[in-house]
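This report refers to the structure that appears directly beneath it.
In the text below, chain A, chain B and the rest are named by the order of the sequence lines, each starting its count at 1.
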Protein chains: 2
Amino acid sequence: MSGMSRRRITSKELAKLAGVSSATISRAFSPDSRIGSATRDRILAVAREHGYQPNAIARSLNNQRSRLVALVVNAIGNPCEAEEQQLLVHRLQARQLLPIILCCADHSDRLQLMRLASTYQVDHVVVFSDMVSMQDAVDIFHTTKPIIVSFEPLDNENVSSIRIDGAEAADEIIGKIVRDGKKRFAYLSGTNSSWIDKLRRKWFADALTKRGLAFEAQAFGDYSYDSGFKEAVLLLHRDKVDAIICGNDVMAIGARDAARRVLGKNTPDDIAIVGQDGIAMAAWDCNDLTTLSLDHVAFIDAVVELIERHDAEIEGPHSITLTCTARWGSTA
Amino acid sequence: MSGMSRRRITSKELAKLAGVSSATISRAFSPDSRIGSATRDRILAVAREHGYQPNAIARSLNNQRSRLVALVVNAIGNPCEAEEQQLLVHRLQARQLLPIILCCADHSDRLQLMRLASTYQVDHVVVFSDMVSMQDAVDIFHTTKPIIVSFEPLDNENVSSIRIDGAEAADEIIGKIVRDGKKRFAYLSGTNSSWIDKLRRKWFADALTKRGLAFEAQAFGDYSYDSGFKEAVLLLHRDKVDAIICGNDVMAIGARDAARRVLGKNTPDDIAIVGQDGIAMAAWDCNDLTTLSLDHVAFIDAVVELIERHDAEIEGPHSITLTCTARWGSTA
DNA sequence: ATACATTGTGCACACGATTACACAAACGGT
DNA sequence: ACCGTTTGTGTAATCGTGTGCACAATGTAT
């Protein structure tokens with residue numbers, strides 16, 4: 001019965017059963033290799049009968065290719081990242097690549113976690129998290145020559161990056177808010193100070209400068225709803241701002257709730273709130289967020305393209321630039 | 001410089017550099033093995049200098065233990081699952097286990113995906129998805145004798161399961177809604193018909209029966225906000241129900257939005273809406289959902305306990321039962 | 001001083017596949 | 001009939017570690 005858990009059968013054992021050598025077994029499972037079609041069919045039949053599948057660990061050792069991909073992320077629980085992760089996992093699976101998730105926000109020593117993954121000879125590394133520096137990632141993974149895809153550009157032959165440009169869309173959004181009469185702006189960061197956070201803040205800061213304004217206050221959260229809620233209370237109460245630009249959509253929802261619940265202020269009349277990322281949840285009827293949106297499909301397309309270039313052994317690092325767009329809701 | 005991508009150094013090469021045999025290198029990295037402490041220190045120093053780390057793929061092949069864990073999930077983008085996934089990934093990482101995510105909702109042939117993962121000799125398999133049958137999972141993974149943890153119990157020596165009991169909490173919730181005067185109930189499933197979906201529906205159906213009532217209508221979504229929204233419109237408009245029990249919290253939020261936006265009906269006065277799972281987002285101020293809640297920490301504690309029992313080679317399948325609680329919000 | 005237990009290290013094989021090379025058989029062209 | 005090419009298969013080495021066994025060196029007890 002299928003309930004019994006027999007030991008996994010090996011290629012050599014199957015060879016004996018099929019009356020061939022183990023080399024022939026291997027060839028039966030390699031699409032284009034010299035083998036008689038009758039032999040192959042017979043082997044595949046016997047293999048199916050005995051539940052044989054080639055051992056991917058042994059194959060990886062020989063091949064020097066594991067078909068594993070390390071995904072370095074902040075968290076999987078946060079919808080602002082999960083949407084992209086989901087798309088990428090989908091695309092990887094379609095290519096028979098298996099993703100290993102490294103969750104930074106959880107792990108006290110992120111470098112140790114990356115070192116662990118690097119011992120598994122991952123073929124590629126995709127860094128979504130802004131909690132690890134690219135230099136650290138390169139130092140740890142450089143030995144396996146994987147591609148490293150991320151926001152933060154780094155001058156290294158193994159690092160390809162995806163640049164995003166939201167300057168124009170940020171300008172558009174700030175323009176609208178200023179026209180609506182808002183005067184005191186705050187920026188609510190998602191991290192203490194990462195490269196991508198600084199970049200995004202600069203888009204909005206430049207748009208303000210252009211209009212003779214500047215951020216009156218700045219706060220730091222952790223990309224979570226709770227931190228958005230908590231910091232927004234402070235910004236609204238202590239700093240009396242009337243517009244908050246948030247580091248992601250989830251914090252923006254938290255800030256909106258804080259304004260409504262704690263201060264009794266509503267968007268967009270009393271206060272303007274802007275998110276970033278443009279996740280599906282931001283468009284839900286109950287949220288209807290104004291947000292600096294990135295096309296997630298295009299983003300993952302770019303990631304996959306970089307991975308494929310690397311697979312095809314096209315030399316050198318590459319960079320792809322994507323532009324954000326303003327997505328209008330009722331919060332600004 | 002660290003920018004250069006040298007080939008990864010092997011144990012034999014390091015042995016030559018340190019003037020020992022490769023066996024001694026291996027021993028230097030195995031915590032309790034007979035080796036002179038002076039030798040070990042010297043080797044570790046040379047290893048650090050040359051960036052050597054033992055190859056986990058080769059080690060797995062030799063050990064017959066990969067330290068990989070397959071996580072079979074519906075989706076990672078859906079907050080209703082992501083919260084538990086996040087917790088589990090955290091706990092696995094703390095044990096130096098690496099999770100491989102298999103995303104069912106994405107993949108057309110889920111069985112093929114599981115077969116692929118099984119070739120990587122994963123040590124454990126955790127099935128969260130209700131889109132694959134346990135029997136299929138067992139048939140595919142039985143050769144590696146991993147534990148399979150999931151809701152759906154199965155009489156198999158390799159399958160341990162976590163049973164959840166929400167009957168009492170469902171009764172409590174239905175009681176409240178009936179007292180509030182609601183009369184026409186609908187159940188909005190998350191899948192066409194999975195084991196766990198049927199179980200959950202039964203909790204509520206029993207509570208209704210006890211009060212001389214029954215579900216007037218049933219609809220099927222896909223655990224997403226959009227499907228919750230769409231199906232709720234139908235249920236409210238066509239079937240004139242005034243209470244909807246949803247298969248998860250995200251669909252409940254969608255249903256609540258549909259009621260408010262399309263029908264102009266508000267919770268809890270015009271209509272009662274109940275979610276399931278009890279994710280953090282359900283408690284956000286903008287949602288404030290009444291939901292049949294499962295303690296996620298306790299749930300993952302149970303999963304980890306089952307995994308540890310299996311690691312310790314304690315024989316036979318195990319089962320742990322958890323009870324759900326009612327979490328009250330303003331939607332019912 | 002002798003017998004014996006302990007410690008540290010090397011040798012060689014195993015883990016399960018892939019693949020360069022060798023070789024026999026079959027085949028086609030002149 | 002002969003030579004060259006193609007096809008199919010087996011042999012053996014390889015990928016990088018872990019570990020049982022052997023053996024030398026050191027320590028301990030009588």
Do the side chain of A:Ser194 and the main chain of A:Asp197 share a donor and acceptor less than 3.5 angstrom apart?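 Such a contact is found between A:Ser194 side chain and A:Asp197 backbone.
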Describe, in one word, how the ring planes of B:Phe299 and B:Phe128 are oriented to each other, choosing from parallel (under 30°), tilted (30 to 60°) and perpendicular (over 60°).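 Tilted, since the angle between the ring planes falls between 30° and 60°.
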For [X] and [N], what is the distance between atoms [atom1] and [atom2] respectively, to the nearest whole Å?
| X | N | atom1 | atom2 | result |
| --- | --- | --- | --- | --- |
| A:Asp41 | D:dG8 | CG | C1' | 15 Å |
| A:Arg65 | D:dG16 | CZ | P | 16 Å |
| B:Arg27 | D:dG20 | CZ | P | 10 Å |
| A:Arg67 | C:dA17 | CZ | P | 17 Å |
| B:Ile35 | D:dT17 | CD1 | C1' | 15 Å |
| A:Lys12 | C:dC15 | NZ | P | 8 Å |
| A:Ile9 | C:dC15 | CD1 | C1' | 16 Å |
| B:Ile57 | D:dC15 | CD1 | C1' | 11 Å |

Name the nucleic acid region contacted by A:Thr39, choosing base, sugar-phosphate or nothing; use a 4.0 angstrom heavy-atom cut-off, strictly under.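 Sugar-phosphate: the residue A:Thr39, judged by heavy atoms under 4.0 Å, touches backbone atoms but no base.
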At 4.0 Å (heavy atoms only), tell me whether B:Leu61 reaches a base, stays on the sugar-phosphate, or touches nothing.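 Base contact.
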Establish, with yes or no, whether the OP1 or OP2 oxygen of [N] is under 4.0 angstrom from a side-chain nitrogen or oxygen of [X].
| X | N | result |
| --- | --- | --- |
| B:Ser26 | D:dT19 | no |
| A:Ser21 | D:dT11 | no |
| A:Tyr52 | C:dA17 | yes |
| A:Thr10 | C:dG16 | no |
| A:Arg34 | D:dT7 | no |
| B:Gln64 | C:dG16 | yes |

How do A:Arg42 and B:Gln53 order along DNA chain D: which one's closest nucleotide is nearer the 5' end?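 Closest to the 5' end, via its nearest nucleotide, is A:Arg42.
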For the base of [N], is there a side-chain donor-acceptor partner from [X] under 3.5 Å away?
| X | N | result |
| --- | --- | --- |
| B:Asn55 | D:dT17 | no |
| B:Arg8 | D:dG16 | no |
| B:Arg40 | C:dG8 | no |

Using a strict cut-off of less than 4.0 Å between a Lys/Arg side-chain nitrogen and an Asp/Glu carboxylate oxygen, indicate whether B:Arg91 and B:Asp301 qualify as a salt bridge.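 Answer for the salt bridge query: yes.
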What residue among B:Asp130, B:Thr191, B:Asn74, B:Asn78 forms side-chain hydrogen bond (donor to acceptor under 3.5 Å, both in side chains) with B:Tyr223?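 Running side-chain hydrogen bond (donor to acceptor under 3.5 Å, both in side chains) over B:Asp130, B:Thr191, B:Asn74, B:Asn78 with B:Tyr223 returns exactly one hit, B:Asp130.
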B:Asp155, CG: over 12 other non-hydrogen atoms inside 6.0 angstrom: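 It does not: B:Asp155 CG has 12 such atoms or fewer within range.
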Take a 6.0 Å sphere around CZ of A:Arg163 and say whether it holds more than 12 heavy atoms from other residues, nucleotides or ligands.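 At most 12 heavy atoms, drawn from other residues, nucleotides or ligands, come within 6.0 Å of this atom.
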Measure from the side chain of A:Ala23, starting at C-beta and using heavy atoms only, and say which of D:dT11, C:dG16, C:dC11 lies closest.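 Closest of the options to the side chain of A:Ala23: D:dT11.
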Nearest to the side chain of A:Thr24, which nucleotide is it out of D:dG8, D:dG10, D:dG16?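 Among the listed nucleotides, the one closest to the side chain of A:Thr24 is D:dG10.
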